[in-house]
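Everything below concerns the one structure shown next.
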Amino acid sequence: MANNLKNEYDMLLKAKKGKYAVGAFNFSSLEIMRAIVDAATECNSPVILALSEGGLRYAEPHYIRHVLNAVLEMTDVPVALHLDHGKTFDIIREVIDLGFNSVMIDGSSLPYEDNIAITKKVVNYAHKKGVVVEGELGVLAGIEDDVSSDKHLYTDPEQAYDFVKKTGVDSLAIAIGTSHGAYKFNGDANLRIDILQQVNALLPDTPLVLHGASSVPQEYVEIINKFGGDIKGAKGVPAEMIALACENGISKVNCDTDLRLVFTATVRKFLAENPTVFDPRKYLQASKDAMCEFVKSKITDVLKSNNKA
Ligand code: G3H
Ligand code: 13P
Ligand code: ZN
């Protein structure tokens, strides 16, 4: 892989000390990948390209290996390639062989001791290969890949300390009230910043990760609903809450749903307003530009990682 692939732990510890966060943006297509990298490059910001196992199967490993290398050659900003929500040892091994330098092992749905065991096994394997590891403790409400839960199971700060010491993970995803997807809150949004502060005080050198951190911009929800979609009631984490979390120890912010919304809204609107167009380059270009603008504003206005490359 190109040499601007950077150690994610160093990237995140610097962010934690500087009270900003690095965005981990999920991609599954060339348009999304290029929108993220172009935005980070324009903002002179470090960035994490995140791929789920579903994303890897969709894009296909052989293409991913070569396309990622090509994308990395097009930028000078620090980039980490990260597996999002790895559930098994096999997928961890597969992406490390593909050149990923960061993996998440998500044992959060397992009994505590089993989570420790699989996480430790991954840490031992990954560290020998120079790859950093993110673990997860606590359960986010909603759907995490094939795991779903009706209720939040907030991370216990003492257990978080014990987990990091026993497993040797480089970073830790914690549950403080966010959830995956486009429907995050029934009522008002609320994050347990008090839990975050307690975990942060116990683990000053462990970057903390916020999953389910999309803000679900209402302007895009409205466009989707106006042009034939039906995602009424979609709601995300307000940008100011993400910013507050970053000031209190979150240094990696995961975002997938927002890019899906921006992509879909732009395609729906473009095709509705241009009924004679059938050249995919036209609406994919519009979507890529819109996603790039969105990522730039997230980096600059919320994460504050601009000019930190
Ligand atoms: O946290 C999960 C990510 O949004 C990936 O979702 O498994 O549908 O690719 P996915
Ligand atoms: P969102 O669904 O809020 O974008 O969260 C994505 C995520 O946590 C990926 O791991
Ligand atoms: Zn997640």
Side-chain angles (χ1 to χ4, degrees), residues 8 12 21-29 32-33 35-36 47-61 64 80-88 91 95 100 102-109 133-149 152-153 155 169 171-185 189-191 207-218 220-221 224 231 233-239 241-242 245-246 250-265 291 294-295 298-299 302-303:
E8 193 189 282
L12 295 182
V22 181
F25 298 97
N26 286 69
F27 69 94
S28 51
S29 77
I32 305 175
M33 197 189 305
I36 298 164
V47 73
I48 298 166
L49 287 174
L51 190 65
S52 67
E53 184 165 4
L56 179 67
R57 298 290 160 243
Y58 173 78
E60 296 189 14
I64 286 291
L81 298 180
H82 175 79
L83 171 71
D84 192 29
H85 293 285
K87 290 278 164 59
T88 62
I91 181 72
V95 299
F100 281 48
S102 170
V103 292
M104 175 187 191
I105 176 69
D106 178 1
S108 61
S109 61
V133 180
E134 173 183 327
E136 178 167 343
L137 202 55
V139 178
L140 276 66
I143 298 170
E144 281 196 21
D145 233 341
D146 53 353
V147 179
S148 70
S149 166
H152 297 289
L153 202 61
T155 305
V169 279
S171 61
L172 183 68
I174 59 170
I176 57 168
T178 58
S179 58
H180 290 107
Y183 304 88
K184 298 188 190 297
F185 302 99
N190 183 33
L191 293 193
L208 302 174
V209 180
L210 192 63
H211 282 250
S214 277
S215 40
V216 187
Q218 291 303 300
Y220 290 104
V221 172
I224 289 175
I231 53 165
K235 195 174 193 178
V237 189
M241 280 192 190
I242 302 286
C246 298
I250 291 292
S251 44
K252 172 173 175 274
V253 168
N254 286 16
C255 176
D256 186 352
T257 298
D258 281 348
L259 292 185
R260 294 177 181 190
L261 292 170
V262 176
F263 198 151
T264 300
M291 287 187 286
F294 178 84
V295 175
K298 189 99 168 177
I299 285 174
V302 184
L303 308 178

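Residues: numbered from 1 along the sequence shown. Indexing begins at 1, ligand by ligand and atom by atom, following the structure's order.
Checked by atom type and distance alone, the side chain of Q218 pairs as donor or acceptor with a backbone atom of A234 at under 3.5 Å. Without hydrogens or angle criteria, K184 side chain to S179 main chain gives a donor-acceptor distance under 3.5 Å.
Counting just the N/O/S atoms of H211, the one with the shortest distance to the Zn ion (ligand 3) is named ND1.
Distances below 4.0 Å separate heavy atoms of H85 from the following atoms of ligand 1: 1 (O), 2 (C). Using a 4.0 Å cut-off to heavy atoms of D256, the atoms of ligand 1 that qualify are 3 (C), 4 (O), 5 (C), 6 (O). Ligand 1 places these atoms under 4.0 Å from at least one heavy atom of R260: 6 (O), 8 (O), 9 (O), 10 (P).
N254 and N26 form no side-chain donor-acceptor contact under 3.5 Å, judged by distance and modelled atom types alone.
The part of D84 lying near ligand 1 is the side chain, judged by heavy-atom distances below 4.0 Å.
Closest non-hydrogen pair, V103 versus H82, comes out as C-CE1, 3.9 Å. For the residue pair S214 and K298, the shortest heavy atom distance occurs at CA-NZ, 4.3 Å. The shortest non-hydrogen separation linking I174 to L140 is O-CD1, 4.5 Å.
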Take H85 and E134, measure what side-chain hydrogen bond (donor to acceptor under 3.5 Å, both in side chains) needs, and give me the verdict at the end. CA-CA 9 Å; H85 293 285; E134 173 183 327; over 6 Å; no

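Considering D258, T257, D256, T264 as possible partners of R260, the one that fulfils the side-chain hydrogen bond (donor to acceptor under 3.5 Å, both in side chains) test is D256.
A salt bridge does not link E8 with K252: none of the charged nitrogens is closer than 4.0 Å to a carboxylate oxygen.
A distance limit of 4.0 angstrom between heavy atoms and ligand 2 selects the residues N26, D84, H85, H180, G181, K184, H211, G212, A213, S214, N254, C255, D256, T257.
With the Zn ion (ligand 3) at the apex, H180 NE2 and H85 NE2 define an angle of roughly 100° (rounded to 10 degrees).
Note on ligand 1: S52 sits in its first shell, one or more heavy atoms being nearer than 4.0 Å.
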